[in-house]
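Nothing fancy with the numbering, it's 1 onward along the sequence. Remember, it's 1-based here, ligands and their atoms both numbered in the order they're listed.
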Amino acid sequence: MESNNNKTPVSKALFGDDFIWGVSTAAVQIEGAHDADGKGDSIWDVFARKKGKIRGNVHHYTACNFYNQYQNDIDLIKQLNIPNFRFSISWSRVMPNGTGAINQAGIDYYNKVIDYCLALGVEPWLTLYHWDLPHTLELKGGWTNREVINWFTDFIGVCARAFGDRVKHWMVMNEPSVFTGAGYFFGIHAPGKTGLSNFLPAVHHVTLSVAAGGKALREILPNAEIGTTFSCSYIEPYSDSPRNIAAAKRVDTLLNRLFIEPVLGLGYPFADLPVLKGIKKYMLPGDENKLAFDFDFIGLQNYTREIVKYSFFTPYIQASLVKAENRNVPVTTMGWEVWPQSIYHLLHKYNQYPQIKKVYLTESGAAFPDNREGDAVDDPMRVTYLQEYLQQVLKAKNEGCKVSGYFIWTLTDNFEWAEGYHPRFGIIYVDFETQQRIVKSSGKWYADFLS
Ligand code: BGC
C-alpha cells in the first residue's frame with residue numbers, strides 16, 4: 001500500500017499569494033435558535049424530534065448558539081487570521097414556508113453576520129443549500145417534487161437581492177450525493193426517506209436545481225463568483241480482480257461522477273452504473289439541455305478514501321465498502337481512514353475535466369477524540385492531519401492541478417448531523433454546557449500558518 005512519504009514542510013508562501021484560505025460551517029450545525037424570530041421548521045428540525053434518529057437523541061436546537069454569539073465567533077475567526085468564512089443560509093429562516101412570504105428578521109440576521117464579517121475584514125462565502133429544506137416543502141414531496149426547482153430558484157433570488165451587494169462568493173449547494181443518498185435512499189438523514197423511488201427523482205431535481213440556481217444567481221449578480229460543491233472520495237478496488245475493479249468503478253460513478261458530470265455538460269454517467277437509468281423516468285423532454293451550468297468554480301470536499309469490493313448481495317450496485325476499522329489503518333472518530341494522498345489523487349482526477357475552470361477545496365478536516373485539560377485542548381492528530389493533507393494539496397498544485405483555495409472543516413465543534421455532538425471536527429473546542437470556546441492547538445497552528 002502506498003505510504004505518505006511526502007514530508008515537504010508546508011507554509012502558506014508555498015501556495016502563492018492568490019491562494020484562498022478559509023474555514024467552513026453550515027447553518028444547522030452551528031446556529032441553534034431553530035424557532036427564533038419567525039423561522040420555520042426545516043426537515044432537520046422535524047427529523048431531530050423523532051426518537052432514535054440522532055445519536056444520543058440530541059438535537060441542534062441550540063448547537064453552538066452562533067445565532068446569538070456570531071460576533072464572538074467571527075472575532076475568533078479574525079484572531080486566528082482566517083481571511084475567508086464559509087457559512088450557509090437557512091432557507092426556512094429567510095422563507096419560513098420555503099416559498100412565498102419572506103421573514104425580514106431572517107434577512108436582518110444574515111445581514112448582520114455579513115456586515116460584521118466585512119467590518120473585520122473577513123470575506124463571507126455563502127452556501128445557499130446545506131441540507132435544511134423547509135419542512136413545508138418536504139410535505140409537498142421535497143426534492144422528489146419537480147416544483148422544488150422553482151421554490152429553490154425563488155429562494156436564491158431572495159438571497160441574491162438581499163445579500164448580493166456585499167457577498168462576492170456563492171455556492172449553490174453542498175454535497176448533493178450526501179444529502180440525496182443519506183436523506184432519500186438510506187433514510188439516515190432528514191427527511192428519512194428511503195429507496196430508489198425517492199432517490200432517483202431527488203437526484204434529477206437536485207441536478208436541475210444546481211444548474212437553475214447557478215443561472216438565477218448569474219442573472220441577478222453578473223459579477224459574483226459562483227460555484228457549487230461536491231463531496232468526493234478516492235476509490236480503490238480491494239484487489240485487482242476484474243470483479244473488484246468493476247465494483248470500484250460503479251462506486252466511483254455514484255460518489256464522484258453522478259452529480260458533477262451533468263453540471264459539466266457531460267450528461268448522467270448511465271453507462272457506468274446502469275441503475276441510474278431509472279432517472280430517465282423523471283426526465284421531461286428538453287431536460288438534457290438544462291443540466292449544465294458554467295460555474296466559475298467547483299468546490300471539492302474530501303475526507304478519506306474508500307476501498308471497494310464486489311458484493312453480490314448489495315442491490316443495485318453489487319459493491320460494498322471495506323470498512324477502515326477492518327483494514328488496520330488510522331481512523332478518525334467517524335471511522336474514516338486518515339489517508340492524505342486521497343486529496344492529491346482527487347485533484348488529479350478532477351483536473352482531467354477541462355470544463356472545470358477553478359477548484360477550491362471547500363471542506364477538509366477530521367474529527368478526533370480531543371482531550372480537554374482545564375482550559376486547554378491539545379489536538380496533535382488534527383494538526384498532523386491538516387499538515388499532511390496540505391502537503392498533498394501542494395504536491396498536486398505543483399504538478400499543475402487546478403486548486404485555488406482550502407477551507408478547513410470546521411470552525412467550532414458542532415452538530416454532526418445523525419452523529420450528534422460525538423464527533424468533534426472544530427479547530428475551536430466548544431463546551432456545549434456553557435458555550436465556552438477554547439482554541440485548540442490546531443486553531444493556534446492555523447493562525448500561525450496564516451500569519
Ligand atoms: C458536510 C458537513 C459535515 C462534514 C463532516 C461534509 O459532508 O458538508 O456538513 O459535517 O462533511 O461529516
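Ion pairing between a basic and an acidic side chain is recognised when a charged N comes within 4.0 Å of a carboxylate O; Asp37 and Arg93 show no such pairing.
Every ring-ring contact (aromatic ring centres under 6.0 Å, His included) that Phe293 has, sequence neighbours left out, goes to Phe295. Every residue was checked against the side chain to side chain donor-acceptor pair (under 3.5 Å) condition with Glu306, not counting sequence neighbours, and none meets it. Take Tyr70 and apply the side chain to side chain donor-acceptor pair (under 3.5 Å) test, not counting sequence neighbours, and it matches no residue.
At a heavy-atom cutoff of 4.0 Å, ligand 1 is surrounded by Gln29, His130, Trp131, Asn174, Glu175, Gln301, Tyr303, Trp336, Glu363, Trp409, Glu416, Trp417, Phe425.
Between the CG atom in Asn174 and the OG atom in Ser24 there is a gap of 8.5 Å [rounded to 0.5 Å].
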Would you check, one step at a time, whether the test salt bridge (Lys or Arg N to Asp or Glu O under 4.0 Å) holds for Lys357 with Asp294?
-> CA-CA 9 Å; Lys357 294 181 186 159; Asp294 187 22; 3.2 Å; yes

